[in-house]
Amino acid sequence: MQIQMLAVGNKMPAWVNSGFEEYQKRFPRDMSLDLIEITPQKRGKKAELEKIKNQEGEALLAATPKGNRIVTLEVHGRPWTTPQLAKQMAGWQMDGRNVSLLIGGPEGLSDACLAAAEQRWSLSPLTLPHPIVRVIVAESLYRAWSLNNNHPYHRE
């Protein structure tokens, strides 16, 4: 199974790239984690934020491979504990499809992205800086994988 994290934003600080890559490289060949960055739209003083959010949403959906399970990351999604995420991952594997995790820009995800989602995942009721989300999601997925595979990384 392939997990793709599609995130609005590029030119991340080195620590974000390093943190993501640290967990990305730990995944086994049969479950890869890839990052697809979507270039954000320009925001100015008179920017139409709803239009920008919709354009970024279109770009996210266009970059999502057909047939993938779409999971959005958003404040109003379902919070999962590590064991619950591990159970979700096991279900994703049994489903036989790849998974696309969508992370919006500063204004969030468009209505089209939310409508396309089969699941909505909340990391926290807090609004988190989007660069940090990449690292948290990568670590959380690796921890869930390690739980499912009796790997010693996860200890309760």
Basic-acidic side-chain contact under 4.0 Å: Lys11, Glu37: no
Exceeds 12 heavy-atom contacts within 6.0 angstrom, atom CZ of Arg78: no
Donor-acceptor contact below 3.5 Å, side chain Ser122 vs main chain Val75: yes
Side-chain (Thr64) to main-chain (Leu60) donor-acceptor, under 3.5 angstrom: yes
Polar contact flag, side-chain donor to acceptor under 3.5 angstrom, Asp34-Gln2: no
Between Tyr142 and Glu22: side-chain donor-acceptor atoms closer than 3.5 Å: no
Asn54 side chain to Glu50 backbone, donor-acceptor under 3.5 Å: yes
Leu85 with Tyr23, same ILVMFWY side-chain cluster at under 4.5 Å: yes
Enclosure of Glu118 CD (heavy-atom neighbours >12, cutoff 6.0 Å): yes
Plane angle bin for Trp145 and Phe27 - parallel if under 30°, tilted between 30 and 60°, otherwise perpendicular: tilted
Sidechain N-carboxylate O distance under 4.0 Å for Glu56, Lys53: no
Atom pair CH2/CD1 of Trp92 and Ile3 - distance to nearest 0.5 Å: 6.0 Å
Check: His130 side chain, Gly104 main-chain N or O, donor-acceptor pair, under 3.5 Å: yes
Atom pair CG/CG of Leu61 and Leu102 - distance to nearest 0.5 Å: 6.5 Å
Qualifying residue, where the test is side chain to side chain contact (heavy atoms under 4.5 Å, CB included) with Val71 and the options are Gln119, Met5, Gln88: Gln119
Atom pair CG/CG of Asn17 and Leu35 - distance to nearest 0.5 Å: 8.0 Å
Short side-chain to backbone donor-acceptor contact, Ser18 and Ala14, under 3.5 Å: no
Test item: Arg143 side-chain N/O and Thr82 main-chain N/O as donor-acceptor pair under 3.5 Å: no
